[in-house]
2 protein chains.
Amino acid sequence: MKDQQMDTRMICAGLWPPVATPFRPDLSIDFAAFLAHSRALLDDGADGLAILGTTSEANSLTLAERREVIDALLADGFDPAKLLPGTGACAIGEAVALSRHATSAGCAGVLLLPPFFYKGVPDEGLFRYVAEVIAGVGDDRLRIYLYHIPQMAGAGWSLDLIARLIAEFPETVVGLKDSSGDWQNTRAIIERFPGFAVFPASEAVLSQAMALGAAGCISASANVNADGIARLLAAIKAGEGVDEAQAAATAVRNAVTAQPLVPAVKAILAARYGASGWDTPRPPMVALPDDARKALFADPAVKALL
Amino acid sequence: MKDQQMDTRMICAGLWPPVATPFRPDLSIDFAAFLAHSRALLDDGADGLAILGTTSEANSLTLAERREVIDALLADGFDPAKLLPGTGACAIGEAVALSRHATSAGCAGVLLLPPFFYKGVPDEGLFRYVAEVIAGVGDDRLRIYLYHIPQMAGAGWSLDLIARLIAEFPETVVGLKDSSGDWQNTRAIIERFPGFAVFPASEAVLSQAMALGAAGCISASANVNADGIARLLAAIKAGEGVDEAQAAATAVRNAVTAQPLVPAVKAILAARYGASGWDTPRPPMVALPDDARKALFADPAVKALL
């Protein structure tokens with residue numbers, strides 16, 4: 001094992017929006033719209049881009065398409081050190097292929113879902129999955145951020161499993177995104193593993209989380225409120241205006257999560273960009289129903305975003 | 001739409017074991033052992049092979065490997081009309097690619113999981129998923145058997161959705177495997193859709209199900225008891241000795257399902273074939289723990305299989 005001092009890579013920190021993916025009417029990826037939105041998020045103060053996550057509908061993209069998304073950003077001049085792609089897959093071989101691609105391209109790291117078809121799998125099986133992915137990638141530059149979203153994946157990273165992974169792979173398993181929505185879990189991970197880069201998936205807990213030592217935030221609603229969350233992070237850093245910034249960010253978060261989350265995010269982006277492609281998720285998701293859309297756009301916090 | 005009379009394809013019926021997949025110590029597929037087991041199942045009375053299902057660990061195989069499994073059987077001389085591969089994937093493009101491959105190879109049909117990452121998706125989204133798969137395959141020979149396993153997939157085929165799919169695609173959506181373990185659901189589907197080929201996933205309900213008009217059985221435990229289930233189906237057909245054959249088949253089923261199902265099936269196959277490769281599932285599954293193994297092999301119904 002190498003000395004930790006030898007690791008010259010930065011650990012991700014700050015605001016990393018999980019970038020939504022726009023589709024054309026035929027459901028193919030609209031790369032031009034995707035690149036424009038990615039650039040807008042960085043312009044609005046995002047520190048990096050957590051592409052190919054749940055909000056990105058990554059699991060509704062083929063493996064080839066997920067690779068193309070990474071390549072499109074690189075070809076367009078995005079700094080790979082600002083990219084944190086989701087590379088999880090049920091099959092180890094596919095998680096390896098995409099993680100290797102991201103790592104050799106110089107991406108900051110990868111967000112790794114647990115394999116998500118089988119339920120009730122033991123921690124030992126999840127440990128071996130990660131060990132196989134790391135061995136398969138075979139690249140010291142690999143940095144894994146565990147992606148904890150048990151309500152979707154039906155499997156998750158327990159505290160004891162996280163401890164075992166950090167102990168076994170201290171230079172590789174460096175962080176976690178907690179999308180459980182369970183603040184006690186987020187808090188427990190931050191407190192138990194100092195130096196481990198923990199990202200809550202909601203900006204509504206950001207001031208609490210940063211005070212405990214969180215790394216930042218990877219939140220679906222950052223797609224529509226990157227500048228508001230960036231302002232919140234700046235206020236936390238400065239120790240000034242935190243309550244106001246937190247309240248404003250939380251108001252947006254609450255409005256968006258009151259509706260089906262990904263369709264709501266895409267409906268706001270469609271309105272902002274005046275581009276209907278944003279409003280067409282891939283099946284099995286559907287566009288936001290009319291009543292939900294009406295409620296969403298009636299919310300003052302959402303109106304202020306447009 | 002073509003006249004139903006023009007359809008010369010047989011609808012699958014009888015016993016179609018979901019063939020388990022053996023791995024080498026490096027976790028690659030042991031094709032020789034897989035082909036030998038596939039042949040043994042047909043020799044033991046299976047009517048066809050439901051390859052690439054849950055018991056097959058299909059979702060732990062890459063798309064390329066799933067294609068190789070189909071091709072290996074065809075290259076070895078298996079009749080494609082006796083193959084019913086699972087081709088479900090979260091990404092429409094991947095389900096299309098594998099379903100098209102199976103269909104153009106002449107397979108009897110495909111077993112289609114719903115996309116299984118997102119939870120709480122509406123029936124409308126699942127309908128569009130199937131419609132996109134059918135349009136994407138673009139081959140009149142495609143026959144879809146819906147795969148209902150909500151406890152793993154976190155999404156399923158409701159009765160109303162099945163009705164809509166049959167009404168819209170009467171020549172294509174021709175059957176369903178019900179792995180819900182909910183007999184009332186299986187019964188409701190059989191009774192509501194006469195002529196729709198319904199396969200319960202457990203032989204424990206087979207005599208009841210066949211009396212109502214089920215097509216047959218696709219059961220994990222058929223990997224270890226194909227001849228016992230074939231005998232039961234023959235007894236049901238003859239109307240003789242049904243109770244005894246049902247009791248014997250149910251005893252095996254109960255013994256196997258008392259333990260983690262796939263590892264238990266593989267442990268029995270490892271013992272039967274004297275080949276440890278059967279005992280090595282891919283992560284996130286792990287081999288059957290020692291205590292479960294002891295309980296499994298102490299069961300008289302299992303002892304009788306070896």
Side-chain angles (χ1 to χ4, degrees), chain A residues 26-29 54-55 57-66 88-98 113-133 135-136 149-155 260-263 280-287 289, chain B residues 26-29 54-55 57-66 88-98 113-133 135-136 149-155 260-263 280-287 289:
Chain A
D26 68 357
L27 297 178
S28 63
I29 299 171
T54 300
T55 308
E57 299 170 72
N59 288 312
S60 300
L61 308 184
T62 67
L63 188 71
E65 287 174 325
R66 281 180 274 169
C90 293
I92 290 167
E94 295 181 341
V96 164
L98 200 57
L113 277 171
F116 51 84
F117 179 69
Y118 294 106
K119 304 298 180 275
V121 296
D123 274 6
E124 175 65 27
L126 295 176
F127 177 84
R128 288 186 198 174
Y129 174 90
V130 176
E132 289 287 335
V133 169
I149 184 166
Q151 70 277 28
M152 290 288 173
L261 181 54
V262 178
T280 313
R282 278 195 182 172
M285 282 202 202
V286 297
Chain B
D26 68 356
L27 297 178
S28 63
I29 298 172
T54 301
T55 309
E57 298 171 72
N59 289 311
S60 299
L61 308 184
T62 66
L63 189 70
E65 287 175 325
R66 280 180 275 168
C90 293
I92 290 168
E94 295 182 341
V96 165
L98 200 58
L113 277 170
F116 51 84
F117 180 69
Y118 295 106
K119 305 299 180 273
V121 294
D123 275 5
E124 175 65 28
L126 296 176
F127 176 84
R128 288 187 197 172
Y129 174 90
V130 176
E132 289 288 336
V133 169
I149 184 167
Q151 70 276 27
M152 291 288 172
L261 182 54
V262 178
T280 314
R282 278 195 181 170
M285 282 202 203
V286 297

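Within every chain, numbering begins at 1; the chains are lettered A, B, ... in the order of the sequence lines, protein sequences first and strands thereafter.
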Subject >> Any donor-acceptor pair under 3.5 Å from Glu57(B) side chain to Arg282(B) backbone >> reply: yes

**OP:** Under 4.5 Å heavy-atom distance to chain B, tell me which part of Ala58(A) shows up: side chain, backbone, both or neither.
**Re:** backbone

Original post:
Residues two or more places apart in sequence or in another chain: which of them pass salt bridge (charged side-chain N to carboxylate O under 4.0 Å, His left out) with Glu94(A)?
Top reply: none

**OP:** Pick one of side chain, backbone, both or neither for Leu113(A), based on which atoms fall under 4.5 Å of a heavy atom in chain B.
**Re:** side chain

Original post:
Which heavy-atom pair separates Ala155(B) from Pro114(B) by the least distance, and what is that distance?
Top reply: O-CG, 3.5 Å

Subject >> Heavy-atom pair count under 4.5 Å with chain A, highest-scoring of Tyr118(B), Phe127(B), Tyr129(B) >> reply: Tyr118(B)

**OP:** Sort out for me which of Met152(A), Arg128(A), Lys119(A) touches chain B most, counting heavy-atom pairs under 4.5 Å.
**Re:** Met152(A)

**OP:** Specify whether Phe116(A) and Phe116(B) have parallel, tilted or perpendicular ring planes, treating 30° as the upper limit for parallel and 60° as the lower limit for perpendicular.
**Re:** tilted

**OP:** Kindly write out the residues that satisfy salt bridge (charged side-chain N to carboxylate O under 4.0 Å, His left out) with Arg66(B), not counting sequence neighbours, or none if the list is empty.
**Re:** none

Subject >> Minimum heavy-atom distance Ala95(B)-Ala89(B), with the two atoms named >> reply: N-CB, 3.8 Å

Original post:
At a heavy-atom separation under 4.5 Å, does Glu132(B) approach chain A through its side chain, its backbone, both, or neither?
Top reply: side chain

Original post:
Side chain, backbone, both or neither: which part of Leu27(B) has a heavy atom under 4.5 Å from chain A?
Top reply: side chain

Subject >> Heavy-atom pairs under 4.5 Å with chain B, option from Val121(A), Thr62(A), Val286(A), Leu61(A) with the top count >> reply: Thr62(A)

Subject >> Contact winner vs chain B - Ile92(A), Thr54(A), Leu63(A), heavy-atom pairs under 4.5 Å >> reply: Thr54(A)

